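Step one of this worksheet: look at the structure below.
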Amino acid sequence: MSKRYLITSALPYANGALHLGHLAGAYLPADIYVRYLRLLGKDVVWVCGSDEHGAAITIRAKKEGISPQKIIDKYHELAKSTFERLGISFDYYHRTSAPLHHETSQDFFLKLYKKGGELEEREIGQYYDPEYDQFLADRFIVGTCPKCGHEEAYGDQCENCGSDLSPLELINPRSTLSGKAPQLKSTKHWYFKLDKHEAWLREWIATGTVDGEQQHDPKTWKRHVVGQCLSWLDGGLQPRSITRDLDWGIPVPLPEAKGKVLYVWFDAPIGYISSTRKWAEENGKDWELYWKDKDTTLIHFIGKDNIVFHCIVFPAMLKAYGEFNLPKNVPANQFLNFEGQKFSKSRGWGIEQHEYLEEFKDFPNKEDALRYALIRNMPENKDADFKWDEFTDFHDKELADNLGNFVNRVIVLTNKYYDGVVPATSQGLRAALAPVREIARKITGELDAFSFRSAVLALMELSSWGNTYLQDVSPWKLYKEDPDSQAVKDCMFISLQVVALLSLLAEPFIPFTAPKIRKLLNLPELQNGSLQEALDKLEAGQPLLPSGHKAGEPELLFAKIVDRKDDSRLQIVNRQKEKLQKVLETEKGEEREPIKPTIQYEDFAKLDLRTGAITAAESIPKADKLLKLTVSLGSEQRTVVAGIAKYFKPEELPGQPVVLVANLAPRKLRGIESQGMILMAENEKGELAFVSPKQGWGNGFIVR
RNA sequence: GGCGCGGUAGCUCAGCUGGUUAGAGCGCAUGAUUCAUAAUCAUGAGGUCGGCGGUUCAAGCCCGCCUCGCGCUACCA
């Protein structure tokens with residue numbers, strides 16, 4: 001058993017709001033786990049914070065004409081307050097723009113620099129804007145794409161053709177700052193020699209062993225995590241650049257590195273360390289115990305997009321530095337979809353966390369309703385899907401009907417029969433509560449294994465057991481015959497113990513409801529160690545709620561969404577469903593790309609369009625999207641390479657009539673000369689359709 | 001194209017190192033019950049475990065091939 005725990009959740013990038021998928025991925029599971037550890041009385045710190053550097057933020061600032069600071073302030077505040085309102089109980093939410101973080105990161109860099117063997121310097125050619133006296137990050141350079149001729153391609157990628165580019169490949173490069181041609185200058189950068197860490201990383205991932213010491217059991221890691229890491233390692237590791245020529249970020253702490261900052265991926269994970277330091281500073285603790293002591297367990301909660309980073313790159317950094325612990329587990333979640341499709345801000349598909357709170361502001365228990373739905377359908381081992389109908393079902397059938405109703409039954413009966421006072425019992429508690437202890441063990445076991453879906457289902461088993469127990473004993477029947485029946489007292493006594501246990505075990509999952517149950521029982525607020533204490537009592541056969549204790553008045557915990565008497569909550573949910581419906585309608589409606597600028601007839605007349613028919617089609621090796629087609633134009637045959645393999649199989653194409661751009665300059669694609677282009681229509685889903693005359697119409701005729 | 005993960009009841013998913021009649025929640029059907037938020041409880045019907053082939057006394061679980069989904073990566077429009 002570990003003495004203390006250090007838990008981290010992925011630092012949100014302060015360049016946009018967070019949606020429900022983020023919550024279900026890295027924050028909610030960590031919150032459940034941390035709340036559970038606290039209830040067990042463990043020494044635990046959970047840190048997070050905003051990731052506020054990187055070129056994406058400076059570019060956006062430029063575009064919007066505001067300072068980067070303004071952007072990060074906005075999203076830092078938004079994330080921080082939204083997390084709080086959802087009960088995400090970080091011990092510290094820091095930010096990477098803070099001075100302490102700059103200091104921590106610079107120290108980290110210097111340590112690696114001075115140690116020797118971990119970093120290497122390289123001179124590379126890079127574009128420079130003399131007018132702004134600045135080296136240009138890839139995204140700050142535009143030019144003509146060497147592959148497709150698109151004139152606004154970025155230095156790292158062409159958005160027209162999707163090619164990955166380097167700035168040096170661009171034809172006629174221009175700086176986005178001054179708009180002028182940049183100078184090519186030589187600049188120095190530092191690289192982290194990730195490659196030299198490959199061997200021990202592989203052993204660590206595969207066996208959990210480092211330097212002959214067993215650090216974790218790889219069987220406790222998720223399969224997709226281990227799989228992706230080993231796959232990445234098999235591909236071989238390369239030194240990674242850890243500096244940039246940029247004025248936004250953490251200055252590289254070397255005299256010769258003026259105008260250079262640490263690359264954002266290098267400083268971001270160090271944010272976990274600074275956040276811990278800041279927390280320690282404010283709470284009179286020693287941060288190093290949490291990072292370096294052998295009796296501390298480190299756990300990273302992340303989404304699957306971050307696996308390689310947290311399982312390979314960051315551990316390598318920590319080991320290179322020395323002294324630091326490696327993570328004991330990285331329980332990465334997969335992605336959450338929304339009503340069958342990916343979250344997409346631009347399409348308006350999905351809902352952001354603060355948006356949910358706003359739209360559900362009149363919905364009682366909105367926080368726990370959301371948390372519960374996300375836990376029940378958490379993407380623990382594969383992508384999951386959030387659906388409003390499920391949200392409603394989980395809330396009504398499990399929270400209200402199962403858990404809420406059980407608690408209500410018990411409180412109502414206790415008030416009705418005994419004026420709210422816990423009756424005396426003759427029952428042997430140990431035996432009577434044996435099945436309950438079993439379920440409690442199951443819940444804690446699942447939590448220990450990061451299986452939050454199963455854990456919350458097991459929590460439902462607890463109230464389910466209570467419902468069944470009440471039904472079996474049917475105290476209302478016995479009471480009619482004998483109001484003084486000992487069997488009724490025993491039954492209510494046992495039931496009350498179960499409710500008391502629920503008030504503890506429910507807290508990690510639904511922290512807004514648990515205190516309400518405490519209040520119904522007239523029990524004091526939960527504190528660190530409460531659960532451990534209760535579990536010990538149960539084990540010893542002692543009651544959690546002694547005879548003579550006066551419980552509170554009944555009050556409903558959950559107002560159902562589908563409710564005959566009040567449809568206000570259903571309306572809130574339905575509004576969300578309607579919004580999605582509208583998105584779909586808009587997309588399949590009249591919205592189309594704008595018409596291009598007017599051209600003259602002469603422009604059109606330059607095109608030589610001809611009817612034709614495909615006579616042969618074959619796939620091209622090592623190209624997923626391309627097919628090699630042979631097109632008959634009547635008098636001649638043309639070879640055409642077309643990017644249609646996603647939608648058409650070679651064998652179904654021969655005989656297909658087409659219209660061909662017959663005078664397009666030939667071009668080599670994957671070594672095959674393409675002598676023309678086939679006209680295709682593309683709809684909003686990216687589906688392709690041939691534009692052509694009907695079958696057998698005739699080949700080689702002019703289209704105009 | 002390479003690699004990783006996944007394809008199990010109508011829906012959402014569990015199934016540890018292969019071992020007797022494959023599980024849960026919801027939904028569905030029938031019955032019981034009334035303390036309770038038209039809640040609860042019992043019973044039952046539903047599966048060629050993506051497909052084909054193989055290893056084994058025995059395969060959802062191991063091996064090979066194929067297929068579909070997601071992701072990474074390469075190539076490419």
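Every heavy atom of this structure was used, including side-chain atoms; hydrogens, water molecules and symmetry mates were not. Lettering of chains follows the sequences in order, A, B, ..., and the numbering in each one begins at 1. These numbers were taken from a predicted model, which means no experiment stands behind them.
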Take a 6.0 Å sphere around CD of A:Q486 and say whether it holds more than 12 heavy atoms from other residues, nucleotides or ligands.
yes

Gap in Å between the two [atom1] atoms, one belonging to [N] and one to [M], rounded:
{"N": "B:rC70", "M": "B:rU34", "atom1": "C1'", "result": "49 Å"}
{"N": "B:rC16", "M": "B:rC5", "atom1": "P", "result": "15 Å"}
{"N": "B:rG60", "M": "B:rC26", "atom1": "C1'", "result": "23 Å"}
{"N": "B:rG27", "M": "B:rA9", "atom1": "C1'", "result": "11 Å"}
{"N": "B:rG71", "M": "B:rG46", "atom1": "P", "result": "38 Å"}
{"N": "B:rG23", "M": "B:rA32", "atom1": "P", "result": "28 Å"}
{"N": "B:rG25", "M": "B:rA45", "atom1": "P", "result": "15 Å"}
{"N": "B:rC66", "M": "B:rC28", "atom1": "C1'", "result": "36 Å"}

Partner of B:rG44 under the Watson-Crick or G-U wobble criteria, both distances under 3.5 Å, comes out as B:rC28

Any side-chain heavy-atom pair of A:N377 and A:F386 under 4.5 Å
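A side-chain contact is absent here, since even the closest heavy-atom pair is not under 4.5 Å.
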
Counting C-beta onward and ignoring hydrogens, is there a side-chain heavy-atom pair between A:P331 and A:F301 closer than 4.5 Å?
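Yes - at least one pair of side-chain heavy atoms lies under 4.5 Å apart.
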
So, does [X] get its side chain near the phosphate of [N], meaning an N or O under 4.0 Å from OP1 or OP2?
{"X": "A:R223", "N": "B:rG6", "result": "yes"}
{"X": "A:K560", "N": "B:rA39", "result": "yes"}
{"X": "A:S464", "N": "B:rC41", "result": "yes"}
{"X": "A:K480", "N": "B:rC35", "result": "yes"}
{"X": "A:K342", "N": "B:rC70", "result": "no"}
{"X": "A:N377", "N": "B:rC11", "result": "no"}

Interatomic distance where [atom1] belongs to [X] and [atom2] belongs to [N] [whole Å]:
{"X": "A:D385", "N": "B:rU12", "atom1": "CG", "atom2": "C1'", "result": "10 Å"}
{"X": "A:K382", "N": "B:rC72", "atom1": "NZ", "atom2": "P", "result": "19 Å"}
{"X": "A:N402", "N": "B:rG25", "atom1": "CG", "atom2": "C1'", "result": "10 Å"}
{"X": "A:F335", "N": "B:rC72", "atom1": "CZ", "atom2": "C1'", "result": "10 Å"}
{"X": "A:K304", "N": "B:rC72", "atom1": "NZ", "atom2": "P", "result": "8 Å"}
{"X": "A:K397", "N": "B:rC11", "atom1": "NZ", "atom2": "C1'", "result": "12 Å"}
{"X": "A:L403", "N": "B:rU40", "atom1": "CG", "atom2": "C1'", "result": "14 Å"}
{"X": "A:H224", "N": "B:rG4", "atom1": "NE2", "atom2": "C1'", "result": "10 Å"}

Using 4.0 Å as the upper bound for N to carboxylate O, is an ion pair formed by A:E481 and A:K477?
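Salt bridge between A:K477 and A:E481, a charged N being under 4.0 Å from a carboxylate O: no.
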
[X] side chain, from C-beta outward: closest of [options]:
{"X": "A:E390", "options": "B:rA36, B:rU37, B:rU12", "value": "B:rU12"}
{"X": "A:F558", "options": "B:rU37, B:rC41, B:rC70", "value": "B:rU37"}
{"X": "A:Q471", "options": "B:rA32, B:rC3, B:rU12", "value": "B:rA32"}

Under 4.0 Å, heavy atoms only, any strand: does [X] hit a base, just the sugar-phosphate, or nothing?
{"X": "A:L557", "answer": "base"}
{"X": "A:K219", "answer": "nothing"}
{"X": "A:N381", "answer": "sugar-phosphate"}
{"X": "A:N405", "answer": "base"}
{"X": "A:K222", "answer": "nothing"}

Assign each of A:G404 and A:E398 the nucleotide of RNA chain B bearing its closest heavy atom; nearer the 5' end lies the nucleotide of A:E398

5' precedence on RNA chain B between A:N408 and A:V226 (nearest-nucleotide basis):
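Residue closer to the 5' terminus by nearest nucleotide: A:V226.
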
B:rG50 glycosidic torsion: syn (within 90° of 0) vs anti
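Chi for B:rG50 falls in the anti range.
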
Looking only at the side chains, is there a donor atom on one of A:N329 and A:K222 sitting less than 3.5 Å from an acceptor on the other?
no

How about A:F391 and A:W388: are their ring centres within less than 6.0 Å of each other?
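Yes, they do, as the ring centres are separated by less than 6.0 Å.
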
Strictly distance-based, threshold 3.5 Å: is any side-chain N or O of A:R569 a donor or acceptor partner for the main-chain N or O of A:K560?
yes

